[in-house]
*Asks:* 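My questions all concern the structure below.
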Amino acid sequence: MDYSQYFSAALGRLHDERRYRVFADLERIAGRFPHATWHSPSGPRNVVIWCSNDYLGMGQHPRVVGAMVETATRVGTGAGGTRNIAGTHHPLVQLEAELADLHGKEAALLFTSGYVSNQTGIATLAKLIPDCLILSDALNHNSMIEGVRQSGCERQIWRHNDLAHLEQLLIAAGPNRPKLIACESLYSMDGDVAPLAEICDLAERYNAMTYVDEVHAVGMYGPRGGGIAERDGVMHRIDILEGTLAKAFGCLGGYIAAKGEIIDAVRSYAPGFIFTTALPPPICSAATAAIKHLKSSSWERERHQDRAARVKAVLNAAGLPVMTNDTHIVPLFVGDPEKCKQASDLLLEEHGIYIQPINYPTVAKGTERLRITPSPYHDDGLIDRLAEALLQVWERLGLALHEKPLAAE
Ligand SMILES: *Cc1c(COP(=O)(O)O)cnc(C)c1O
């Protein structure tokens with residue numbers, strides 16, 4: 001039996017659909033964010049990264065790096081096992097307290113990634129509610145979809161950010177059936193934001209629980225970096241908030257924050273929590289340092305918004321098809337998988353600019369794009385050079401300029 005034929009056939013299908021992915025071999029340079037070394041086929045080259053989800057550059061912040069090194073030197077690297085077997089190390093306890101405080105909740109629970117927190121968190125919560133109906137936004141992240149699927153509960157999908165549709169489904173389910181509304185606060189491919197206050201209104205009116213993924217907002221929105229829910233003054237109205245330590249906080253790990261008994265139940269029942277080794281102490285200390293820093297420093301948040309607004313303005317003025325939104329994400333419409341990949345390759349090879357192409361299945365076919373994520377450290381010179389490079393690439397590939405800016409939907 002030639003088993004390898006199955007795998008080469010599977011890869012062939014991706015090549016045929018122009019969906020085969022190639023990763024660039026990059027090495028970031030601490031202290032020089034967003035500059036990095038690209039280990040290209042012809043040797044190392046300097047490049048500027050324009051698509052990192054280390055949105056605020058916290059992964060290189062001296063306090064964050066310092067905390068990681070200090071803890072590694074003091075207590076070592078790994079956690080030494082699952083929390084059930086090896087106990088809970090102190091930096092993890094401190095981090096959970098920091099997160100509960102960030103979100104104004106009684107407790108928080110750490111997972112090895114944001115992905116796992118959604119997958120095992122949603123599955124466990126919904127399983128513990130008899131006959132739970134999950135109402136899931138159409139554009140929810142794969143980790144939430146997997147959590148919903150693994151719960152085994154009935155699921156209905158409401159049209160993206162469509163409150164009228166959500167209300168219809170809530171009414172149809174009836175007041176007595178348990179319902180869990182699951183959505184994100186900031187959708188990272190279009191950069192649009194959920195109407196959280198109105199979703200909370202509906203949840204309260206129709207007796208539903210709320211679960212909100214704030215992965216692309218924590219650290220970046222709200223006076224203390226508590227996310228869109230903090231900014232909008234609705235954090236206390238959301239039952240379960242989920243976030244990551246891997247994006248704006250520059251580390252690794254995911255979490256949920258909620259009432260004490262909810263967190264205790266997930267801690268006690270979630271397989272994706274119980275049967276895997278806890279996050280390493282140095283990571284926990286680094287994340288705590290990042291969260292603490294962003295609770296009191298608004299410089300990063302303000303400069304981040306300022307840079308994003310400038311990139312949008314400069315690219316728009318150049319006639320490039322920026323997809324409009326009110327957040328820090330700058331999607332640039334391409335609408336063709338092949339050209340999207342070629343644009344990304346040209347930017348890297350000829351201009352030393354790294355922007356990963358975003359193709360199906362991450363976004364719908366026909367809406368392929370370059371997703372640009374400016375950080376506080378992308379200065380005016382870098383922005384001007386980005387616009388010039390994009391214009392050259394747009395011309396080379398015969399892509400349209402001066403299109404009417406597309407709506408975020
Ligand atoms: C990245 C992402 C996650 C997963 O977080 P990780 O910490 O990277 O595993 C969850 N939800 C959304 C919306 C994301 O974009």
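Everything quoted here is computed from the prediction, not taken from an experiment. Hydrogens, waters and symmetry mates are skipped; everything else that's a heavy atom, side chains included, is used. Count residues from 1 along the sequence.
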*Asks:* Between E106 and K259, does any NZ, NE, NH1 or NH2 come within less than 4.0 Å of an OD or OE carboxylate oxygen?
*Replies:*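 A salt bridge is absent here (no side-chain N lies under 4.0 Å from a carboxylate O).
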
*Asks:* Could you list all the ring-ring contact (aromatic ring centres under 6.0 Å, His included) pairs where at least one residue sits in residues 6-28, not counting sequence neighbours?
*Replies:*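 Listed by first then second residue: H15-Y20.
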
*Asks:* Less than 3.5 Å apart, any donor N or O on the side chain of E242 or S117 sitting next to an acceptor on the other?
*Replies:*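 Yes, side-chain donor-acceptor contact under 3.5 Å.
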
*Asks:* Can you list every ring-ring contact (aromatic ring centres under 6.0 Å, His included) pair that touches residues 274-294, not counting sequence neighbours?
*Replies:*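 As it turns out, the ring-ring contact (aromatic ring centres under 6.0 Å, His included) pairs with a partner in residues 274-294, which skip direct neighbours, are H61-H293.
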
*Asks:* Quick one: do R385 and E388 make a salt bridge, cutoff under 4.0 Å?
*Replies:*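 Not counted as a salt bridge, because no side-chain N and carboxylate O are separated by less than 4.0 Å.
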
*Asks:* Please identify each residue that fulfils side chain to side chain donor-acceptor pair (under 3.5 Å) with Q168, with sequence neighbours left out.
*Replies:*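 Not a single residue meets the side chain to side chain donor-acceptor pair (under 3.5 Å) criterion with Q168.
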
*Asks:* Show the nearest heavy-atom pair for residues T71 and S285, with the distance to one decimal.
*Replies:*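 Looking at all heavy atoms of both residues, the closest pair is OG1-OG, 2.7 Å.
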
*Asks:* Would you call R307 and D379 a salt bridge, taking side-chain N to carboxylate O under 4.0 Å as the test?
*Replies:*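 Judged by the 4.0 Å cut-off on N to carboxylate O distance, R307 and D379 do not form a salt bridge.
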
*Asks:* R369 and T367: side-chain hydrogen bond (donor to acceptor under 3.5 Å, both in side chains), yes or no, with the steps?
*Replies:* CA-CA 6 Å; R369 66 198 67 177; T367 72; 3.2 Å; yes

*Asks:* Distance from L169 atom CG to L202 atom CG, nearest 0.5 Å?
*Replies:*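 It is 11.0 Å, given to the nearest 0.5 Å.
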
*Asks:* Atom CG of L26 and atom CZ of R45: how far apart are they, to the nearest 0.5 Å?
*Replies:*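 The CG atom of L26 sits 11.5 Å away from the CZ atom of R45.
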
*Asks:* Quick one: pull up CZ in R63 and CG in L294 and give me the separation to the nearest 0.5 Å.
*Replies:*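 Spacing of CZ (R63) from CG (L294) equals 10.0 Å.
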
*Asks:* Any chance you could measure I355, atom CD1, to R371, atom CZ, to the nearest 0.5 Å?
*Replies:*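 If we round to the nearest 0.5 Å, I355:CD1 and R371:CZ are 11.5 Å apart.
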
*Asks:* Tell me whether the count of non-hydrogen atoms from other residues, nucleotides or ligands lying under 6.0 Å of CG in D326 goes above 12.
*Replies:*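 Not more than 12 within 6.0 Å, no.
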
*Asks:* Do E167 and R205 sit within salt-bridge range, that is, some charged N less than 4.0 Å from a carboxylate O?
*Replies:*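 Salt bridge between E167 and R205, a charged N being under 4.0 Å from a carboxylate O: yes.
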
*Asks:* Which of parallel (below 30°), tilted (30 to 60°) and perpendicular (above 60°) describes H103 and Y255?
*Replies:*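 Correct class here is tilted.
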
*Asks:* Can you sort out the partners of R159 under salt bridge (charged side-chain N to carboxylate O under 4.0 Å, His left out), two or more places apart, ordered by chain and number?
*Replies:*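 Once residues adjacent in sequence are excluded, the partners of R159 under the salt bridge (charged side-chain N to carboxylate O under 4.0 Å, His left out) criterion are D162.
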
*Asks:* For T276 and G272, indicate whether the former's side chain and the latter's backbone hold a donor-acceptor pair under 3.5 Å.
*Replies:*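 No, the answer is negative, given that no donor and acceptor are paired below the 3.5 Å cut-off.
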
*Asks:* List the atom of D239, the atom of A258, and the distance in Å for their closest heavy-atom pair.
*Replies:*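 Where D239 meets A258 most closely, the heavy atoms are O-CB, 3.3 Å.
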
*Asks:* Please round to the nearest 0.5 Å and tell me the distance separating atom CD1 of I85 and atom OG1 of T277.
*Replies:*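 Rounded to the nearest 0.5 Å, the CD1-OG1 separation comes out at 8.5 Å.
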
*Asks:* According to side chain to side chain donor-acceptor pair (under 3.5 Å), who are the partners of R301, at least two apart in sequence or on a separate chain?
*Replies:*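 So R301 forms no side chain to side chain donor-acceptor pair (under 3.5 Å) with any residue.
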
*Asks:* Between H160 and Y187, is the ring centroid distance below 6.0 Å?
*Replies:*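 Between H160 and Y187, the centre distance is under 6.0 Å.
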
*Asks:* Tell me, yes or no, whether the heavy-atom count around R19 atom CZ, taken from other residues, nucleotides or ligands under 6.0 Å, exceeds 12.
*Replies:*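 Counting neighbours around CZ of R19, more than 12 heavy atoms of other residues, nucleotides or ligands fall under 6.0 Å, so yes.
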
*Asks:* Take T124 and I122, measure what side chain to side chain contact (heavy atoms under 4.5 Å, CB included) needs, and give me the verdict at the end.
*Replies:* CA-CA 5 Å; T124 304; I122 294 175; over 6 Å; no

*Asks:* Got a sec, which residues hit salt bridge (charged side-chain N to carboxylate O under 4.0 Å, His left out) with D16, two or more places apart in sequence or on another chain?
*Replies:*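 Result, salt bridge (charged side-chain N to carboxylate O under 4.0 Å, His left out) vs D16: none returned.
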
*Asks:* Above 12 or not: heavy atoms from other molecules or residues under 6.0 Å from CD of Q5?
*Replies:*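 More than 12 within 6.0 Å, yes.
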
*Asks:* Test your reading of the model: is there a side-chain donor-acceptor pair from S344 to the backbone of C340, 3.5 Å cut-off?
*Replies:*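 No: the side chain of S344 does not pair with the backbone of C340.
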
*Asks:* Might you point out which heavy atoms bring N118 and S143 nearest each other, and give the distance in Å?
*Replies:*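 For N118 and S143, the tightest heavy-atom pair comes out as ND2-OG, 3.0 Å.
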
*Asks:* Closest approach of V193 and N161, non-hydrogen atoms and distance?
*Replies:*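 Minimum heavy-atom contact is O-ND2, 3.2 Å.
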
*Asks:* Any ion pair linking D380 and R310 (charged N to carboxylate O, less than 4.0 Å)?
*Replies:*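 A salt bridge is present here (some side-chain N lies under 4.0 Å from a carboxylate O).
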
*Asks:* With a 3.5 Å cut-off and no angle check, do the side chains of D54 and S52 form a donor-acceptor pair?
*Replies:*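 Result is no, nothing qualifies.
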
*Asks:* In the structure I gave you, are the side-chain heavy atoms of L170 and K179 within less than 4.5 Å of one another anywhere?
*Replies:*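 Yes, close enough: below the 4.5 Å cut-off.
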
*Asks:* Considering only heavy atoms from C-beta outward, does the side chain of P91 approach that of T288 to under 4.5 Å?
*Replies:*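 Answer no - side chains too far apart.
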
*Asks:* Atom CG of L109 and atom CG of D264: how far apart are they, to the nearest 0.5 Å?
*Replies:*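 So the gap between those two atoms works out to 9.0 Å.
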
*Asks:* Is it the case that over 12 heavy atoms from other parts of the model lie below 6.0 angstrom from the OH atom of Y269?
*Replies:*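 Open: at most 12 neighbouring heavy atoms sit under 6.0 Å from OH of Y269.
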
*Asks:* Would you say N325's side chain and I329's backbone share a donor-acceptor pair under 3.5 angstrom?
*Replies:*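 Such a contact is found between N325 side chain and I329 backbone.
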
*Asks:* Decide whether S185 and E214 meet the rule of one side-chain donor and one side-chain acceptor closer than 3.5 Å.
*Replies:*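 Yes - a donor-acceptor pair under 3.5 Å links their side chains.
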
*Asks:* For R74, I'd like to know if atom CZ has over 12 heavy atoms of other residues, nucleotides or ligands within 6.0 Å.
*Replies:*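 Counting other residues, nucleotides and ligands, CZ of R74 exceeds 12 neighbours.
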
*Asks:* Looking at residues at least two apart in the chain, or sitting in another chain, which of them share a side-chain contact (heavy atoms from CB on, under 4.5 Å) with A389?
*Replies:*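 In terms of side-chain contact (heavy atoms from CB on, under 4.5 Å), with neighbours along the sequence ignored, A389 is linked to L347, H351, I353.
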
*Asks:* Is K341 paired with E368 through a side-chain N to carboxylate O contact shorter than 4.0 Å?
*Replies:*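 The answer is no: the pair does not qualify as a salt bridge.
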
*Asks:* Among residues at least two apart in sequence or on other chains, which ones pass ring pair (Phe, Tyr, Trp, His ring centres under 6.0 Å) with H328?
*Replies:*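 For H328, the residues satisfying ring pair (Phe, Tyr, Trp, His ring centres under 6.0 Å) (neighbours in sequence not counted) are Y55, Y221, H304.
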
*Asks:* Extract all donor-acceptor atom pairs below 3.5 Å that involve side chains of residues 231-238 and protein atoms in other chains or at least two apart in sequence.
*Replies:*
from : atom 1 : to   : atom 2 : distance (Å)
R237 : NE     : E204 : OE2    : 2.8
R237 : NH2    : D201 : OD1    : 2.6
R237 : NH2    : E204 : OE1    : 3.0
R237 : NH2    : E204 : OE2    : 3.4

*Asks:* Indicate the atoms forming the closest heavy-atom contact of P34 with L382, along with that distance.
*Replies:*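 Nearest pair, atom of P34 first, then L382: CG-CD1, 4.0 Å.
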
*Asks:* With sequence neighbours excluded, what pairs up with Y360 under the ring pair (Phe, Tyr, Trp, His ring centres under 6.0 Å) test?
*Replies:*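 In terms of ring pair (Phe, Tyr, Trp, His ring centres under 6.0 Å), with neighbours along the sequence ignored, Y360 is linked to no residue.
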
*Asks:* Run the side chain to side chain contact (heavy atoms under 4.5 Å, CB included) test on I181 and W158 for me, step by step, so that the C-alpha distance in whole Å, both residues' side-chain angles and the decisive distance to 0.1 Å come before the verdict.
*Replies:* CA-CA 10 Å; I181 299 172; W158 43 295; 3.9 Å; yes

*Asks:* Looking at every non-hydrogen atom in both residues, tell me the closest pair between L196 and C183 and how far apart they are.
*Replies:*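 So the minimum-distance heavy-atom pair works out to CD2-SG, 4.4 Å.
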
*Asks:* Just jot down the ring pair (Phe, Tyr, Trp, His ring centres under 6.0 Å) partners of Y211, sequence neighbours excluded, or say none.
*Replies:*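 Applying ring pair (Phe, Tyr, Trp, His ring centres under 6.0 Å) to Y211 gives none.
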
*Asks:* Can you check whether L133 reaches Q156 side chain to side chain, under 4.5 Å on heavy atoms?
*Replies:*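 Yes; the side chains approach each other to less than 4.5 Å.
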
*Asks:* Between I134 and E154, is a side chain to side chain contact (heavy atoms under 4.5 Å, CB included) present by the stated rule, with each step listed?
*Replies:* CA-CA 6 Å; I134 304 178; E154 188 190 344; over 6 Å; no

*Asks:* Looking at K365 and D336, is there a salt bridge between them, counting it only when a charged N and a carboxylate O are closer than 4.0 Å?
*Replies:*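 Salt bridge flag = no for K365 with D336.
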
*Asks:* Can you list the steps and then say if M220 with L186 is a side chain to side chain contact (heavy atoms under 4.5 Å, CB included)?
*Replies:* CA-CA 11 Å; M220 293 172 279; L186 194 162; over 6 Å; no

*Asks:* Closer than 3.5 angstrom, by distance alone: can the side chain of E96 be matched with the main-chain N or O of L110 as a donor-acceptor pair?
*Replies:*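 Side chain of E96 to backbone of L110, a donor-acceptor pair under 3.5 Å: yes, one is there.
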
*Asks:* Could you pull out all residues at least two apart from E302 that satisfy side-chain contact (heavy atoms from CB on, under 4.5 Å)?
*Replies:*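 Expected list: S298.
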
